[in-house]
Amino acid sequence: MSARVALVTGSNKGIGLAIVRALCKQFQGDVYLTARDVGRGQEAVASLASEGLTALFHQLDISDLNSITTAAAYFKDKYGGVDVLVNNAAIAFKVADTAPFAVQAEVTLKTNFFATRDMLTHFLPIIKAGGRVVNVSSFVSSRALNQCSAALQERFRSEDITEEELVGLMQRFVDEAKKGEHKQGGWPETAYGISKTGLTTLSMILARRLSKERPHDGILLNACCPGWVRTDMAGPKAPKSPDEGAVTPVYLALLPPGATEPHGKFVSDKEVQPW
Ligand code: NAP
């Protein structure tokens, strides 16, 4: 049997690095810190080594399809697949950023929704039986959901929304933002929030699909919020340290063998949240 392996996207700093740190301590198998920039990734691996922890490194830029497929082929070849995948990489414009909303919508959705979806498209088929998939979303995913029109909320909450329909809705948000028509379209003024509404909804869709298509594999897939965490993204005033922010993602990544839930849920502080 191949060795067990866990990988975390965007883990050269912030919450991703803290997730790798915790997995190095708790996961029985190889742990991969991945980063789009090799130098920043290797520096982070070295910083963990100075704490006495061993993480391995693989380059992975989730916005680059070639990087995704190269990494997926590597893990398939070397480990027969992946046991734990944490989709953590994301971007956020600062509140003070003056980039037009149209640009923020396109750029934010590109990484946080479309690129994360590409990761899931290429990695879900190689998640091993008993695997755990964690999508790091945010509490703002449900806040933005609640600010959407009633018609959009109904679709995001429905059990029958397909991946194709969701992708169409996310593309519609970007297109309407570009035309300055997103408010008429029923969307709130938050690109980051909608990118995460999309990611949480996608997690629920893919979990339902896994249950249907691989019912005996016992894979658990969830979205979560790490809380408000002191990182480059959220700034120094947030209450949680990165290690504290890692607690819920790591809890979901290490749900014990044989567990049947949570699955397809949005989880915060280790508790399933309403959607
Ligand atoms: P962060 O400190 O800004 O770290 C983000 C990480 O993602 C960095 O390693 C960054 O790499 C990486 N990344 C960005 N684009 C990438 C790409 N295309 N390919 C690969 N890696 C990429 O942010 P954070 O606060 O730790 O956030 C981690 C996750 O938690 C995100 O999903 C975020 O939305 C979520 N979250 C954070 C908070 C919070 O309060 N901090 C709250 C709710 C949810 P580079 O160093 O190369 O830029």
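Given the structure is predicted, the values throughout are model-derived calculations rather than measurements. Start at 1 and go down the list; that is how both ligands and their atoms are numbered.
Shown in contact with Y192 at under 4.0 Å from a heavy atom are these atoms of ligand 1, numbered in order with element: 33 (C), 34 (O), 35 (C), 36 (N), 44 (C). Near D232, with a cut-off below 4.0 Å to any heavy atom, the atoms of ligand 1 are 2 (O). Listed by number with element, the atoms of ligand 1 under 4.0 Å from a non-hydrogen atom of G227 are 38 (C), 39 (C), 40 (O), 42 (C), 43 (C). The distance from ligand 1 to the heavy atoms of W228 drops below 4.0 Å at these ligand atoms: 40 (O). Listed by atom number, the atoms of ligand 1 under 4.0 Å from G14 heavy atoms are 2 (O), 26 (O). For ligand 1, the atoms lying closer than 4.0 Å to a non-hydrogen atom of I91 are 14 (C), 15 (N). Shown in contact with I62 at under 4.0 Å from a heavy atom are these atoms of ligand 1, numbered in order with element: 17 (C), 18 (N), 19 (N), 20 (C). Taking every non-hydrogen atom of A90 and a distance limit under 4.0 Å, the qualifying atoms of ligand 1 come out as 5 (C), 7 (O), 14 (C), 31 (C), 32 (O), 34 (O).
Using a distance-only test at 3.5 Å, with no hydrogens or angles considered, a donor-acceptor pair links the side chain of S11 to the main chain of V8. A donor-acceptor pair under 3.5 Å links the side-chain atoms of E244 to the main chain of S241, judged by distance alone.
Between the choices R40, R230, K240, R36, the shortest heavy-atom distance to atom 15 (N) of ligand 1 belongs to R36. Around atom 37 (C) of ligand 1, the closest heavy atom drawn from I15, V229, D37 belongs to I15. In the candidate list A89, A234, A44, A89 is nearest to atom 7 (O) of ligand 1, counting heavy atoms. Considering only non-hydrogen atoms, atom 43 (C) of ligand 1 lies nearest to S138 out of S138, A35, S63, A246.
Note that CD1 of I205 and CG of L210 are 12.5 Å apart. Values are rounded to the nearest 0.5 Å.
Ranking the protein heavy atoms by distance from atom 31 (C) of ligand 1 puts N88 O, 3.1 Å first. Ranking protein heavy atoms by distance to atom 24 (P) of ligand 1, first place goes to T231 OG1, 3.6 Å. The nearest heavy-atom contact from the protein to atom 3 (O) of ligand 1 is M233 CB, 3.5 Å. Distance from atom 12 (C) of ligand 1 to its nearest protein heavy atom, with residue and atom name: G10 CA, 3.6 Å. The nearest heavy-atom contact from the protein to atom 30 (O) of ligand 1 is V136 CG1, 3.3 Å. In terms of protein heavy-atom proximity, atom 18 (N) of ligand 1 is closest to D61 OD1, 3.0 Å. Annotation: atom 10 (C) of ligand 1 to nearest protein heavy atom, N12 OD1, 4.2 Å.
Between L60 and ligand 1 there is a heavy-atom distance shorter than 4.0 Å. Proximity of S137 to ligand 1 is established by a heavy-atom distance of less than 4.0 Å. Within the structure, the closest approach of P242 to ligand 1 does not fall below 4.0 Å when heavy atoms are considered. Ligand 1 has P226 within reach: a non-hydrogen atom of the residue lies less than 4.0 Å from it.
With no hydrogens or angles considered, no side-chain donor-acceptor pair links S137 and N135 at under 3.5 Å. In the model, N112 has no side-chain atom that pairs as donor or acceptor with a side-chain atom of Y192 under 3.5 Å. S67 and Q59 are linked by a side-chain donor-acceptor pair at a separation below 3.5 angstrom, with hydrogens and angles left out of the test. Checking Q147 against R143 by side-chain atom types alone, no donor-acceptor pair falls below 3.5 Å.
Inter-residue side-chain proximity for R132 and L254 is flagged as unmet; no heavy-atom pair is nearer than 4.5 Å. Between F173 and T197, every side-chain heavy-atom pair lies at or beyond the 4.5 Å cut-off. At a threshold of 4.5 Å between non-hydrogen side-chain atoms, the residues I62 and D118 do not count as touching.
No single ILVMFWY cluster, assembled from side-chain heavy atoms under 4.5 Å apart, contains both Y79 and V134.
Legend: side-chain hydrogen bond (donor to acceptor under 3.5 Å, both in side chains) pairs involving residues 222-236, not counting sequence neighbours, sorted by first then second residue: K13-D232.
Under the rule for a salt bridge (Lys or Arg N to Asp or Glu O under 4.0 Å), D64 has no partner lying at least two apart in sequence or in another chain.
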